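Note that this is a predicted model, so its numbers are computed, not measured. By convention in this document, chain letters (A, B, ...) are assigned in the order of the sequence lines, proteins followed by strands, and residues within each chain are numbered from 1.
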Amino acid sequence: MVLTWQSCYYFAFDTRPIMSTEAPALDLKKTINLPKTKFAQKANLPQTEPARLKKWADMKLYEQIQAARAGAPKFILHDGPPYANADIHLGTALNKILKDLIVKSRTMLGFDTPYVPGYDCHGLPIELHVERKLGEKKKDMPPLSIRRACREFAANALKRQTRDFQRLGIFGEWDNPYITMSDHYEAETARLFARFVERGFVYKGARPVYWCIHDQTALAEAEVEYHQHASPSVYVKFPLKSDPALIDPALAGRRVFALIWTTTPWTLPANLGIAVHPDFDYVAIESGGEVYIIAAELIDVVAARCGLAEPKVLARFPGSKLDRLEAQHPWIDRPSLFMVGEHVTLGGEADAETELDVSEAREKSATNKAGTGLVHTAPGHGHDDFVIGKKYGLEIYCPVDNAGRFTNEVEYFAGLSIFEANPKIVDFMRERGVLLFSENYDHRYPHCWRCKNPVIFRATPQWFISMDHAGNELTEKDEDDRDRSNFTSNFVGGELLDEQSLRVMSVREVDDRVKWIPAWGRDRMRNMLSGRPDWCVSRQRVWGVPIPAFYCAKCNHVIAEPNVIRHVADIFEKESADAWFKREATDLLPENFKCGECGATEFTKETDILDVWFDSGSSSIAVLEARDNLRWPADVYIEGGDQFRGWFNSSLMVGLAVHDRAPYEAVLCHGWTLDAQGKAMHKSLGNAVSPDEVIPKLGAEVLRLWCVSSNYMEDMRCSDEILQRVADGYRKLRNTARFALGNLDGFDPAQDTVSDHALLEIDQWALAELNSIVVAVREAFEAYDFHDVYQTLHQFCTVTLSARYFDIIKDRLYTFAPRNQARRSAQTALYRIADALARMMAPILVFTSDEIWENLPASSEALPVVHMAEFPKPADEDRADLLTKWAHLFGYRDAVLAKLEEARVAKTIGSSLEARVEISAGRHAYEVLNNHRDDLRYIFIVSEVELSEPHAEMDSEALEITVIRAHGQKCDRCWNYSTRVGESSKYPTVCERCVAALEEIEASDRLS
RNA sequence: CGCGGUGUAGCUCAACGGCCAGAGCACUCGAUUGAUAAUCGAGCGAUGUCGGUUCAAUUCCUUCCACCGCGACCA
């Protein structure tokens, strides 16, 4: 039987004898069941959160949760290690909170979900920071001392980050994180390098890097700064070697020159080619008896500069026509190969190598055009030259030594420093008649940040991981320490694809196996992988894992053998990678090791270290495989979009090298943090929101709520206003929970629960609504749609509960006798709602949900902390019919509320209880309303409702609503109006319902 | 410059190509004073831009603009 308000009232009224004369009248106000709870309205989060964290730490909550989930199916989120060089910022906090949301929600879905946080500790930023602190001292310090300082710095940053992450309410193995500078991790990193070598992915080659000839060191991009610098700008003639008729019959038999422009004459001895754009128009122009090839668009500019009188166009052709033809070097007996490349521009950005701001460079091009559209290409001295040179199989030729002097093979200029040589080369070319024009050219040029001297681009030996080939041989080197073997194409062109290559394998994994969330991640990753060059893994630095290679002191043979590397790794395992710097080469090599080439027993150590991306990329193997409670591969990785090229990529490479598959089943990508205007947050712009500022003001809880208040898969804005809105949202959730808790005072679930079928229909409806959001929330958590979770919960609290359900049941909760079955019915629903809300909120509002949990009447499960519980389970029964019916009722209610508002504006009523509502309804509407005839006054929160039969002509769903003042008197106790106020002599100021309730209360008091 | 993403109300989000673009918060007004530094109701308020496809576009295509990330910026 479904109870109604009326039946409960009569039930009470009929079975309790009236004994109005026996006892003195009760204080009416005290008979109202007002909400009562220890769950404070004001959260005081900044104060209460740390106390709760301490409680959890003391009880070893994380360990308890893990123990409780032992044996359950595992779910592994693998943590991408944040870089341990600074305190956390909003982006780091977002990242970690999202991970925590995944871990907590999977835990509550029943999975065993361990979380091992990690820290990325090696690398340039830390080394630079330490260098800056050390200042001049650094120069005299041995690598070991610098490494010690770096280690201390990273350890300190890591400690501070850990403290801040814990403050955010993130659960995990904080006492046992993975640290890339730990002995084990360093050893494992070296072992993984051995694995790459074993599979033939590693080769040693040359690549142009910034090089300071004063300090004789390679520089990272971060170490160069830009200053004005005057360079000689020269226009140089390259005689065409191929038959000019191949370009155009009109040129048959003519003496033709390709005209190039450069601001670095010293790179001309290394010239091996000329690049043109395949789609630009080029022309052969005749002037003074000679023919020059230049870009069509630049005829006027070049002619003016070079003093070419009356240029006459002999032929016009696209750049692609020149592809693979040859010119002759202007003074060396060597061909210069024509190549086509998209990087060629029509001048003006000549100094763009030094520009960080592209728009600035573009503007310059309008006013300061220079160039010929033909690009002098020296693969050993420029990045693009290097790339296109590789493509065309050119040597990475760099006849310049560490001190910036030409090597012996450079005729005329050997031994000269390149800056001294510049003017000499210009004069030399003028004498030879190959120079058309020269001038001084002011432009921004990279300089060494330390010694302030101009730097050069110079190819130096580097270690690479090949993207396109497996089974590579380590490179042989010639007497000048140059790479001679890797001159073949390593570009994807459709042909020559090696099925075992990292590129092919990685694209296959990205396409076929990994799930990308959002879906565009797949395209982005594929694009990145198919276009990227070989991975340069060497760095000329000290703070990292050394590349465990040796060189024979006698024959210079490279020793990078898997067994030798593993031998070194075993030493790292015990002594950390510092051993590389502490020990002599022979102490690092296996006993009695001899050079495989010449049998010598003296060796030198490689001085380069591994790229930090290699470190962090190693984590899936070094951590997931190494720890008993984890497993490889991970179910999910989640990082910001910058990690496609970073950790997602390097982890994939390592996974492929070790197991031929991706280390993750799914990859989620979260957005960047922006300010209120949608600008990226930067400390230097002063628009960054810091967790350090938010937490003392609003609490970590509000920051966590911010993470789900918006869609993390896109960029996330944050500002004071946004946080204020989030805090408002928080208060709504909190107050909703508080109302439920307050009305559960005196409710014992074990004793007082009303069985499902006996619940009032509206209470059944509320639970059906609850069930539908339980389903929605579980699904949203499973799909990582945390934003949906929040929206769903918030909507439920504001609309379903606060504006409707709670408002309606207040009368019953407050005015009915405490133990009345109708009141117990509402409490049963409230209890289940509060319990479910606490569970569903738990991953997000980690503190508040537990506070709700604590203030809930004891549950049968009796778990001390909500985080040990699971999400509510969806009900078996489908109540779609009930939901539909009540959707209609609430539609009618909205119509009534609108009429009440009109009456309020007209001053007919104030409180809605002052109203009597008269309704004529169409056929269907009448049917629905009539079924709840006696409940309508409570649903509408008015004192009286009169429902009349439908007119025949009315639309089936139509309502005619009239609002007038309620009849009778206002009841002193329940504030409803009734014509029967005064009937009781004992309680002359109350209505018939309250008389019954008071009788019930008195009877109950006597019994207890 | 290349690749990718985003653009709906002051804020955070909705809308199988289809009813008058829908919520919550904020703001204004009103009610209540028994969720009270609360609660209830009402009002206000929006598709970045130029075109196109379509009977119909927030949705599909295109131009431009703005913003975000990654990469490139060479002689």
Side-chain angles (χ1 to χ4, degrees), chain A residues 29 32-35 37 41-42 260-264 267-268 271 274-275 341-345 347 349-359 361-362 370-372 374-378 381-388 457 518 520-521 523-525 527-528 531-532 640-646 669 671-674 676-680 706 709-711 713-715 717 719 721-722 724-726 728-729 731-732 735-736 738-743 787-788 790-791 794-795 797-799 802-803 806-807 810-811 813-815 897-898 900-902 904-905 909-913 941 974-975:
Chain A
K29 181 84 171 177
I32 300 289
N33 313 303
L34 292 180
T37 175
Q41 180 168 26
K42 190 165 160 31
I260 64 95
W261 175 74
T262 182
T263 55
T264 50
T267 61
L268 284 167
N271 173 284
I274 297 169
E342 306 275 339
H343 65 288
V344 174
T345 60
E349 294 103 271
D351 53 342
E353 83 176 289
T354 63
E355 293 292 348
L356 293 175
D357 184 339
V358 174
S359 57
R362 254 184 303 173
T372 64
L374 284 77
V375 175
H376 148 60
T377 299
H381 289 300
H383 183 267
D384 273 0
D385 300 36
F386 169 77
V387 170
I388 196 170
F457 244 126
W520 51 256
D523 290 342
R524 180 166 172 184
M525 194 71 180
N527 281 341
M528 191 276 295
R532 62 161 296 176
D642 55 334
Q643 298 302 325
F644 280 98
R645 202 161 272 273
C669 164
W672 225 240
T673 53
L674 311 178
Q677 277 72 46
K679 301 266 188 198
W706 169 77
S709 71
S710 155
N711 184 356
M713 294 180 199
E714 291 164 17
D715 290 343
R717 294 188 182 204
S719 67
E721 186 194 349
I722 290 168
Q724 200 50 54
R725 290 292 88 78
V726 174
D728 291 340
R731 265 184 242 112
K732 187 69 191 184
N735 267 323
T736 306
R738 183 163 184 266
F739 178 86
L741 294 175
N743 285 290
H787 173 248
D788 272 5
Y790 175 66
Q791 295 283 328
H794 190 257
Q795 187 78 4
C797 285
T798 50
V799 179
S802 191
F806 286 179
D807 215 27
K810 262 193 268 189
D811 177 84
L813 289 166
Y814 292 176
T815 69
L897 261 43
L900 287 171
E901 184 64 19
E902 279 177 29
R904 208 157 9 232
V905 170
I909 58 165
S911 159
S912 63
L913 287 175
I941 318 180
C974 73
W975 297 345

Separation of the [atom1] atoms in [N] and [M], to the nearest angstrom:
N     : M     : atom1 : answer
B:U49 : B:C55 : C1'   : 26 Å
B:G7  : B:U47 : P     : 15 Å
B:G2  : B:G18 : P     : 34 Å
B:A21 : B:C16 : P     : 15 Å
B:C20 : B:U33 : C1'   : 38 Å
B:G43 : B:A38 : P     : 23 Å

Q. When you measure from the side chain of A:Thr798 to the backbone N and O of A:Gln795, does any donor-acceptor pair fall under 3.5 Å?
A. yes

Q: Could I get the full list of ring pair (Phe, Tyr, Trp, His ring centres under 6.0 Å) partners for A:Phe386, not counting sequence neighbours?
A: none

Q) To the nearest 0.5 Å, how far apart are CD in A:Glu901 and OG in A:Ser912? A)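 So the gap between those two atoms works out to 10.5 Å.
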
Q) Using Watson-Crick and G-U wobble pairs whose two distances are both under 3.5 Å, how do you write the pairing of RNA chain B as dot-bracket, with | for links to another strand? A) (((((((..((((....[...)))).(((((.......)))))....(..((..]....))..))))))))....

Q: Give the rounded distance in Å between these two atoms: CG of A:Asp642 and P of B:G5.
A: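 Going from A:Asp642 (CG) to B:G5 (P), I get 17 Å.
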
Q: Report yes if a side-chain nitrogen or oxygen of A:Arg717 is closer than 4.0 Å to either non-bridging phosphate oxygen (OP1 or OP2) of B:G10; otherwise report no.
A: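 Answer is no, no contact under 4.0 Å.
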
Q) Does a nitrogen or oxygen in the side chain of A:Tyr814 sit under 4.0 Å from OP1 or OP2 of B:A35? A)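 Affirmative; the distance criterion is met.
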
Q. Side chain of A:His787: nearest nucleotide among B:G4, B:U12, B:A37?
A. B:U12

Q: Applying side chain to side chain contact (heavy atoms under 4.5 Å, CB included), run through A:Arg717 and A:Ile722 and close with a yes or a no.
A: CA-CA 8 Å; A:Arg717 294 188 182 204; A:Ile722 290 168; 3.7 Å; yes

Q: On RNA chain B, check which nucleotide each of A:Tyr790 and A:Asn527 is closest to and give me the residue with the more 5' one.
A: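 Whichever sits nearer the 5' end wins; that is A:Asn527.
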
Q. Is any NZ, NE, NH1 or NH2 atom of the basic residue among A:Lys810 and A:Asp807 found under 4.0 Å from an Asp or Glu carboxylate oxygen of the other?
A.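 So A:Lys810 pairs with A:Asp807 through a salt bridge.
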
